[in-house]
Amino acid sequence: ISICHSAWENCGCVTARPASLRLTRGAKAYSRCTEHWGPISIMAGLEELKFKPFSSSADPAFWNALSSLKLEKFKLSAEPVAVSGSYTVGVKPTAPPRCVVGGDSFELDVLAPTAVPMHGTLRNTNTSEEFSKMDIAATVDDALAQLWGAITSGDALKDSSLLNRFVLNTFANLKKFNFYYWFAFPAIKSQNFSAAPPALLATFFSGDGEVVAFSSALAAWRATNLRQAAFVVRRADGGGAPRIGTLAEWPEVYSGDSAQFALGFVDPCAMASNPGWPLRNILATVSYHYGVDALSLTVLAVRGAPELSLALRVEVPAMDVSARAPGASPPGLVKGLEENKEGRLKPRRCDLSESMNPVLLATSAVKLNLQLMQWRLMPDIDLAKVKSCKCLLLGAGTLGCNVGRLLLGWGVEKITFVDNGTVSYSNPARQSLFTFEDSKEGRSKAEAAAARLREVFPGVDATGVSATIPMPGHPVSGKTEKAALKTAEKIDALIAEHDAVFLLMDSREARWLPTVLSAVHNKMCFTAAIGFDTYVAMRHGVATSEGRNVGCYFCNDVVAPTNSTKDRSLDQQCTVSRPGCSMLVSAAVTELLVSILHHPQGIAAPRPSESAGGDSGLVSDAPGSILGAVPHQIRGMLAEFGQMTIDGQAFDRCTGCSPKILEACRKSLPELVLGACNIPDYLETLSGLADLHAGVDDLDLDWADDDGDFGDD
């Protein structure tokens, strides 16, 4: 059959061309010149172009958002709702193109910088019967009408994302968190397209340098044209950066030399044999606006890597003139219904009865945030070890609130607060887990802090215990004695139940009993303390085969803790500190815990100066955990904006961790507590400090005179 000369050359009719053209048998495509219709067979080496359909990918956050909107906004309405989806460049040859909908799909202006938008219509039914009886074909026809309107009006030339349409019909069973849904990806069916076997993208360009120039130019163009799914490109003379434009700029970009010109699109498919579904509507748009005659085009399918991207020589038949008439229907329609997992044209079902719970979704999100650290930066970090570490926070004030919040950020699931105070009006400004309502109601600090952590992240097991810890120098008797001993037993039990103990109280003596009990149970114990513009974060030592690895908070003292608030004015009793101190020391003591958890020796990590081979007390480049050094003490000075790390040895006469103190505690906790509270010098006598003092007093020291005379020559 010889009616048109050649579809590949955008020919006119046969009267202006050679009288005959020998065509291969088996016509598969049709083209129309300006005057005649006639079948044009596929030339040797050409095949019918097939497009890989989209496959839907609905994130659990999408169903969560739909559930909330159903309850709060949609209610019983079944009216269509505009939603957005997106796709990105294909990166895996075995994966189909993905239309992704997520938690932000109902916010139509949200778009990731690397994604191409898709425009959808959602219809959510109220019952399963309504869903099963829904006319899916009718809902797709509405989307096809919108698609055809975008093409005929020329809007799709300016914003080619309008060619990416989808329909989503759903039924949300909110009692069982089951979701039934059916996606469709409608397309305009023009004449069949044919193409030569795909080649690599580089075949369109003259070398690797020109490919790199094209990639850079396209990235820059897309940065300011985020909504474009398609583009046109003309190679630059000399192999420089090409010119890229929208479909509307076709006439300006096209130079008349088809060998230098190409149609490009962001391809969500990575298969070597087929382009993705978006190309179908792009070619229909090109045919409508620029295909008065048949077109022979180079099409660039841009994917996740140059070696995956394709260059296709595509033959685009001319579109029927009747389709260009005002109000005309499209030449053909493809409803694009998605198959279910069994390959049948039926809806899909998503069962989120376990993972749909918002608490579980939040847990998954927190886990993912931490896993990104592991995936991208530190593959050896043990997040499970941090997560399972049960933390006891003694003190729910400024330090306790900050440390609790930071532990939550690390994914710690078990946090217990202990404090005897109530929230006052001055607290919320500095203590990050309290609100004005807490102070107005006079809520318990421990319970309010735990409740706030649960509000921030419902997946945390946070509890609050109101208790006054017995303190040396604070006498107890009668009823208070009974309460003090009961509290001591409670603190003993809590320390035994937890893995890490944080001493975050206001006074020195409040840290004494938890220090002793942590040493008895050989638990990780940390102290954070602040002055006006100074702070210290430190870890306490634990028993090892060579003795205690580092000293505790009291090992540097030669006097026992006593009542530090006695005969003090209000300003002396309150901790007056620059607000930033608490933030800095809280961060330091929390990160110290995580570093110890990752040290090869764990809680038995030696003194840094010792492990570095020295005994200066200053920390050098000692080996630490995968997160870095594991110092004994971190001391900071805000006045100098400086920080130093030092370490110290355990003191054999310490009132907090010496062998005699620990032996007395194991023998009788009540006796130790009552003696420390009620008997002056009890701890100094028990630990041996009193003997040390007496020895110093017995020393016969001959001090030199002021004139510097040190005796005879």
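Just so you know, residue 1 is the first one in the sequence shown, and it goes up from there.
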Exercise. Trp148 side chain to Ala328 main-chain N or O, any donor-acceptor pair under 3.5 Å?
Worked result: yes
Exercise. Does the Arg222 side chain pair with the main chain of Ala229, one donor and one acceptor, at a distance under 3.5 Å?
Worked result: no
For this session: Start with the C-alpha gap between Asn225 and Thr246, add the side-chain angles, then the distance that decides, and say whether side chain to side chain donor-acceptor pair (under 3.5 Å) holds.
Result: CA-CA 9 Å; Asn225 294 270; Thr246 64; over 6 Å; no
For this session: Return yes if some donor-acceptor pair links the side-chain N/O of Ser57 with the main-chain N/O of Val100 below 3.5 Å, else return no.
Result: no
Exercise. With under 30° as parallel and over 60° as perpendicular, where do the rings of Phe183 and Tyr181 fit, or are they tilted in between?
Worked result: perpendicular
For this session: Provide the closest heavy-atom pair for Pro317 versus Phe193 in the form atom of the first, atom of the second, distance.
Result: CD-CD2, 3.8 Å
Problem set entry | Ser160 (side chain) donor-acceptor with Leu157 (main chain) under 3.5 angstrom | no
For this session: Measure the spacing between CZ of Arg313 and OG of Ser258 and express it to the nearest 0.5 Å.
Result: 5.5 Å
Problem set entry | Note, Leu352 side chain near Phe179 side chain (heavy atom, < 4.5 Å) | yes
For this session: Please identify each residue that fulfils side chain to side chain contact (heavy atoms under 4.5 Å, CB included) with Arg234, with sequence neighbours left out.
Result: Arg243, Val253, Ser255, Gln260
For this session: Would you check if the side chain of Asn274 reaches a backbone N or O of Lys50 as a donor-acceptor pair within less than 3.5 Å?
Result: yes
Problem set entry | Heavy-atom pair with the smallest gap, counting every atom of Leu46 and Ala196 | CD2-N, 3.2 Å
Exercise. According to the salt bridge (charged side-chain N to carboxylate O under 4.0 Å, His left out) rule, which pairs have a member within residues 65-82, sequence neighbours left out?
Worked result: none
For this session: May I ask you to decide if Cys269's main-chain N or O and Arg303's side chain share a donor-acceptor pair within less than 3.5 Å?
Result: yes
Exercise. Under the salt bridge (charged side-chain N to carboxylate O under 4.0 Å, His left out) test, which residues partner Asp141, sequence neighbours left out?
Worked result: Lys335
Problem set entry | Considering all heavy atoms, the nearest Met118-Cys99 contact | SD-SG, 3.6 Å
Problem set entry | Side-chain donor-acceptor contact under 3.5 Å, Ser296 with Glu315 | yes
Exercise. Do other residues, nucleotides or ligands put more than 12 heavy atoms under 6.0 Å from the CG atom of Asp208?
Worked result: no
Exercise. Okay, side chain of Ser287, backbone of Leu283: is any donor-acceptor separation there less than 3.5 Å?
Worked result: no
For this session: Measure across Leu147 and Ala187 and return the closest heavy-atom pair with its distance rounded to 0.1 Å.
Result: CD2-CA, 4.0 Å
Exercise. Any side-chain heavy-atom pair from His598 and Val386 closer than 4.5 angstrom?
Worked result: yes
Problem set entry | Any residue meeting salt bridge (charged side-chain N to carboxylate O under 4.0 Å, His left out) with Lys387, in chain and number order, not counting sequence neighbours | Glu413
Problem set entry | Side-chain touch Glu338/Pro53, heavy atoms, less than 4.5 angstrom | no
Problem set entry | Residues forming a salt bridge (charged side-chain N to carboxylate O under 4.0 Å, His left out) with Arg123, sequence neighbours excluded | Asp142
For this session: Using the side-chain contact (heavy atoms from CB on, under 4.5 Å) rule, take Val299 and Leu310 through it: C-alpha gap first, then chi angles, then the decisive distance, then the call.
Result: CA-CA 8 Å; Val299 175; Leu310 302 179; over 6 Å; no
Seminar exercise, completed: On a heavy-atom basis, the closest approach of Ala262 and Phe204 is CB-CZ, 3.6 Å
For this session: Give a yes or no answer on whether the side chain of Thr139 reaches the backbone of Ile136 with a donor-acceptor pair at less than 3.5 Å.
Result: yes
Problem set entry | Inter- and intrachain pairs under ring pair (Phe, Tyr, Trp, His ring centres under 6.0 Å), touching residues 66-88, at least two apart | Phe54-Tyr87
Problem set entry | Nearest non-hydrogen partners of Trp277 and Gly336, listed with the distance | CZ2-CA, 4.5 Å
Exercise. Between Leu144, Leu337, Asn281, which is the residue that forms a side-chain contact (heavy atoms from CB on, under 4.5 Å) with Pro186?
Worked result: Leu144
Problem set entry | Polar side-chain atom of Asp267 near backbone of Gly276 as donor-acceptor pair, under 3.5 Å | yes
For this session: Look at the rings of Phe131 and Tyr180 and say which category their plane angle falls in: under 30° parallel, 30 to 60° tilted, over 60° perpendicular.
Result: tilted
For this session: Quick one: sort the Phe214 and Phe231 rings into parallel, tilted or perpendicular, breaks at 30° and 60°.
Result: tilted
